[in-house]
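Below is one structure; the comments refer to it alone.
No experiment lies behind these values; they were computed from the predicted model shown. Just so we're on the same page: letters track the sequence lines, and every chain starts at 1.
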Number of protein chains: 2
Amino acid sequence: MGTYSYAEADWTLAYRRDCPSRTVIEVLANKWVLYVVGALGRFDRPMRFNELRRVLDGITQKMLTQTLRALERDGLVSRTVYPTTPPRVEYGLTTLGIDAGRLICAIADWSEEHAQVILTARSEFDYRATAQPTPAR
Amino acid sequence: MGTYSYAEADWTLAYRRDCPSRTVIEVLANKWVLYVVGALGRFDRPMRFNELRRVLDGITQKMLTQTLRALERDGLVSRTVYPTTPPRVEYGLTTLGIDAGRLICAIADWSEEHAQVILTARSEFDYRATAQPTPAR
DNA sequence: CGGAATCCGCCCCGATACTG
DNA sequence: CAGTATCGGGGCGGATTCCG
């Protein structure tokens, strides 16, 4: 950022529709992906299915399964099955996932720091919008 | 990350359903938000509506409008109208938006660096999935 | 140029039920 | 415990049309 080179030539890399990095960005542009990878990054250890479920308030079991599968597919999360009874399945971050987790934790931290400012801006915007659709004749 | 404190007490901050930071995270968990803020961050200057439209390959005018409004509402983007004919409207990042732009550019960079690894992992996963639904008896 | 408005299909996601 | 399967509504987002 801040370097002017992007205005010149090579910025197209990240913005063309067929750019591979778009695929990756669109993986991360998903709230449950952010929450799951974020949680695994925070706790910094493998976690079991229902443990994650309890931690991630509001996630349904379907969404958790789906999100974990997608992350496993993309090589960010590893799934380990211990064939005990009852079965024990642990989900952990891969090297790649740990890397992504750092970025995501940075986002989570930033969100926490600036949440109030943003929510205030939002309610003020909404107030201005409802207050004068037109300047009262 | 890596500090153990999150396993103890205060990790709930970011994961409870009613946590304010969740709202912010869910603003960022949107591909068009990432692309728009990313582009404004890369170019590091205010941009006009149709300029952004041309840069962000594939975005519709509706989505661009909608995304810019949402970002303005949350105080990440400022909208400036120059009442010329034809009208000239510029969108720029606020201080808050610049800050977010740094995070987002980091994500974009990371995505570009690791795109091939991830896409390879993905196709291998898909191959394994289709190859042996069951070990061929 | 910079939008607003409308129509509408698709798929995301939640709820629910069942399984090994 | 750790899932799979199915149904169904809602909303996201694309395409199109029109406007100052």
Out of [options], which has the shortest distance to the side chain of [X]?
{"X": "B:R69", "options": "D:dG3, D:dA2, C:dA4", "result": "C:dA4"}
{"X": "A:N50", "options": "D:dC1, C:dA15, C:dG2", "result": "D:dC1"}
{"X": "A:P87", "options": "C:dG20, D:dT4, C:dG14", "result": "C:dG20"}
{"X": "B:M63", "options": "C:dA15, D:dG3, D:dG13", "result": "D:dG13"}
{"X": "B:R79", "options": "D:dT16, D:dT4, C:dG2", "result": "C:dG2"}
{"X": "A:T65", "options": "D:dT4, C:dC1, D:dG14", "result": "D:dT4"}
{"X": "B:R54", "options": "C:dC13, C:dC1, D:dG3", "result": "C:dC1"}

For [N], does OP1 or OP2 lie under 4.0 Å from any side-chain N or O of [X]?
{"X": "B:T60", "N": "D:dG13", "result": "no"}
{"X": "A:Y91", "N": "D:dG3", "result": "yes"}
{"X": "B:R48", "N": "C:dC1", "result": "no"}

**Prompt:** What nucleic acid atoms does A:Y82 come within less than 4.0 Å of, heavy atoms only: base, sugar-phosphate, or nothing?
**Reply:**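 Nothing: the residue A:Y82, judged by heavy atoms under 4.0 Å, touches no strand.
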**Message:** Do A:V77 and A:Y82 sit in one hydrophobic cluster, given that two such residues count as connected whenever their side-chain heavy atoms are within less than 4.5 Å of each other, even indirectly?
**Reply:**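 Different clusters.
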**Prompt:** When hydrophobic residues are tied together by side-chain contacts of less than 4.5 Å, even through go-betweens, does B:I98 share a cluster with B:I107?
**Reply:**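 Linked within one cluster.
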Would you mind reading off the distance between [X] atom [atom1] and [N] atom [atom2], rounded to a whole angstrom?
{"X": "A:E26", "N": "C:dC11", "atom1": "CD", "atom2": "P", "result": "15 Å"}
{"X": "B:L64", "N": "D:dG14", "atom1": "CG", "atom2": "C1'", "result": "14 Å"}
{"X": "B:Q66", "N": "D:dG13", "atom1": "CD", "atom2": "P", "result": "7 Å"}
{"X": "A:F49", "N": "C:dT19", "atom1": "CZ", "atom2": "C1'", "result": "14 Å"}
{"X": "A:I59", "N": "D:dG3", "atom1": "CD1", "atom2": "P", "result": "13 Å"}
{"X": "A:N30", "N": "C:dC13", "atom1": "CG", "atom2": "P", "result": "6 Å"}
{"X": "A:L56", "N": "D:dA2", "atom1": "CG", "atom2": "P", "result": "14 Å"}
{"X": "A:K62", "N": "C:dA17", "atom1": "NZ", "atom2": "C1'", "result": "13 Å"}

Tell me whether [X] contacts the main-chain N or O of [Y] through its side chain, where contact means a donor paired with an acceptor under 3.5 Å.
{"X": "A:S21", "Y": "B:S111", "value": "no"}
{"X": "A:T94", "Y": "A:L76", "value": "yes"}
{"X": "B:Q66", "Y": "B:M63", "value": "no"}
{"X": "B:D57", "Y": "A:R17", "value": "yes"}

**First encountered from the 5' end of DNA chain D, between A:Q61 and A:P86** =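 Looking at DNA chain D, the more 5' nearest nucleotide goes with A:P86.
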**Asked** Checking salt bridge (charged side-chain N to carboxylate O under 4.0 Å, His left out) for the pair B:D109/B:R42: CA distance, chi angles, key distance, verdict?
**Response** CA-CA 11 Å; B:D109 291 341; B:R42 293 290 191 202; 2.5 Å; yes
**Message:** Five pairs per end, C1' atoms only: what is the angle between the end axes of the helix from C:dC1-D:dG20 to C:dG20-D:dC1, to 10 degrees?
**Reply:**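 End-to-end axis angle: 50°.
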**Request:** Answer yes or no on whether A:R22 is positioned over the face of B:Y35, meaning its NZ or CZ is under 6.0 Å from the six-membered ring centre and within 45° of the axis.
**Result:**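 So A:R22 does make the cation-pi contact.
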